[in-house]
Amino acid sequence: MTGPAFLRKPSRIHEPAPQIAAIRCTPFAQVVAGAPWRMTLLHDRPDDLLLWVTRGQGRIIIDGVRRGLGTHNAIFLPAGTLMAVELGPQSYAQVIQSPPGLVPSLPRTPVHLRPRDSLAQAELTAEIEAMQRELQRDRPLVQEALGAHLALVSVWLARQRDHGAVDAPRETAAPRLIRRYARLVTEHFRSPMVMADYAERLDVTPTHLTRVARAACGRTAADMLTERVVHAAREMLARPEPAVNEIAAALGFSSPAYFTRFVHSHTGMTPTALRAEGTKPRPGAPSALRRG
């Protein structure tokens, strides 16, 4: 049976990696930019990201493990972390994005903090507000100033970890397995690996991997892989280039026709229609993976 090559054969073209050259500090809504899929679909990012929730609730998936979010939660996600965020309609959050490794003292693994101390909460909010003021003013050395504030944010993160504000899931075999699978997805979602190949690398059966994934994040292992591919497709289609046939090749599909069927199946729109619509929001999440 024919179908997309990320389950059959390796791709030759990859989408261009975004160049993260500057520190940014914006409300979560501006990061989403009217297109919820940018955050609700599982994906890994080329930048380090700090999410600071100051109102409302939501959910986050970090390396395949779903967690609840609440007011005054801080989540640091290094570049390459498989993640998805869904905030409630009344929620408000700020996001700091920075080039990976720019501040060496930032964590190199994901961190979820729930600081209870009101002074600590005010400290992070103050740093974010100072960064936003820098961005709003046309002054020299803005990025240098932002880097200094980001270094202070890294100090804040370290202090909160020392004070016991870390909220981490209990370390058992299941979350360890799903984190390993999440890393494989980010590395190989364009490759010819099928679910049996992922399971073999993890030394488990496909059935066990699917069961653990569903328990960890409410998605099957195949759903996780599908979402990563759908996000990549939508990301590329949100730009005027490359051509649809090049995107199909980049994501390992055997032909543009199979890519079109896949995109339509998981978004309700053709690649051409998605590109024409640009970044307008499209509700709904992808269903199970089908590749032709």
Side-chain angles (χ1 to χ4, degrees), residues 16-62 69-103 106-107 110-113 115 120-157 160 231-232 234-236 238-239 278-282:
Q19 298 300 307
I20 306 301
I23 301 170
R24 290 168 283 182
C25 184
T26 58
F28 181 82
Q30 289 186 22
V31 177
V32 172
W37 60 265
R38 294 185 183 277
M39 280 296 187
T40 59
L41 292 179
L42 282 169
H43 65 291
D44 53 284
R45 305 178 60 83
D47 52 6
D48 288 345
L49 183 148
L50 175 72
L51 177 70
W52 177 229
V53 181
T54 54
R55 185 175 70 232
Q57 297 180 326
R59 294 181 297 184
I60 188 168
I61 296 175
I62 304 174
L69 286 176
T71 301
H72 297 131
N73 279 204
I75 301 92
F76 182 79
L77 303 173
T81 303
L82 189 69
M83 52 87 72
V85 180
E86 184 176 353
L87 294 179
Q90 304 304 316
S91 298
Y92 186 79
Q94 300 280 0
V95 176
I96 301 174
Q97 298 165 269
S98 61
L102 180 67
V103 176
L106 284 171
V111 177
H112 186 174
L113 299 168
Q121 297 164 4
E123 286 175 339
L124 181 55
T125 297
E127 289 299 332
I128 290 174
E129 290 175 347
M131 294 175 78
Q132 291 176 336
R133 285 194 298 272
E134 285 289 345
L135 288 164
Q136 291 165 1
R137 298 172 182 175
D138 185 17
R139 299 197 297 178
L141 303 176
V142 170
Q143 286 298 312
E144 287 79 359
L146 292 174
H149 285 294
L150 187 58
L152 289 174
V153 169
S154 75
V155 171
W156 184 91
L157 290 169
Q160 295 312 304
H231 190 282
R234 298 200 69 148
E235 192 90 65
M236 298 174 78
R239 301 187 291 267
T279 58
K280 288 178 61 177
R282 185 77 179 175

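In this text, all values refer to a predicted model and were calculated from it rather than measured experimentally.
The two residues Ala79 and Asp48 make their nearest non-hydrogen contact at N-OD1, 2.8 Å. Smallest separation of non-hydrogen atoms from Ser154 and Val103: OG-CG1, 3.9 Å. Here the closest heavy-atom approach between residue Arg24 and residue Asp47 is recorded as NH2-OD2, 4.0 Å. When every heavy atom of His231 is checked against every heavy atom of Leu42, the shortest pair comes out as CB-O, 3.8 Å. Of all non-hydrogen atoms in Ala120 and Pro115, the two that sit nearest each other are CB-CB, 4.4 Å. The two residues Leu113 and Gln160 make their nearest non-hydrogen contact at CD1-CB, 3.8 Å.
Considering only heavy atoms from C-beta on, Gln94 comes within 4.5 Å of Pro27 through its side chain. Side chains of Ile62 and Leu77 form a contact here, defined as non-hydrogen atoms less than 4.5 Å apart. Looking only at side-chain heavy atoms (C-beta outward), Ile128 and Cys25 come within less than 4.5 Å of each other. Under the 4.5 Å side-chain criterion, counting only non-hydrogen atoms from C-beta, Gln97 is in contact with Arg45. Side-chain contact between Ile23 and Pro99: present, with at least one pair of heavy atoms (C-beta onward) separated by less than 4.5 Å. Considering only heavy atoms from C-beta on, Val31 comes within 4.5 Å of Met39 through its side chain.
Taking CD1 from Ile61 and OG1 from Thr40, the interatomic distance works out to 10.0 Å, rounded to the nearest 0.5 Å. Atom CG of Asn73 and atom OG1 of Thr54 lie 11.0 Å apart (nearest 0.5 Å). In this structure, NE2 in His43 is found 7.5 Å from CD in Glu235, a value given to the nearest 0.5 Å. Considering CZ of Phe76 and CG of Leu157, their distance stands at 7.0 Å, rounded to 0.5 Å. Note that the CG atom of Leu150 and the CG atom of Leu152 stand 9.0 Å from one another [nearest 0.5 Å]. Taking CZ from Arg55 and CD from Gln90, the interatomic distance works out to 7.0 Å, rounded to the nearest 0.5 Å.
For Glu144, the CD atom is densely surrounded, since the number of other residues' heavy atoms within 6.0 Å is greater than 12.
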Decide side-chain contact (heavy atoms from CB on, under 4.5 Å) for Leu50 and Leu124; before the verdict, give the C-alpha distance in whole Å, the side-chain angles of both, and the deciding distance to 0.1 Å. CA-CA 11 Å; Leu50 175 72; Leu124 181 55; 4.2 Å; yes

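Residue pairs that meet the side chain to side chain donor-acceptor pair (under 3.5 Å) test with at least one member in residues 121-131, sequence neighbours left out, are Trp52-Thr125, His72-Gln121, Glu127-His149.
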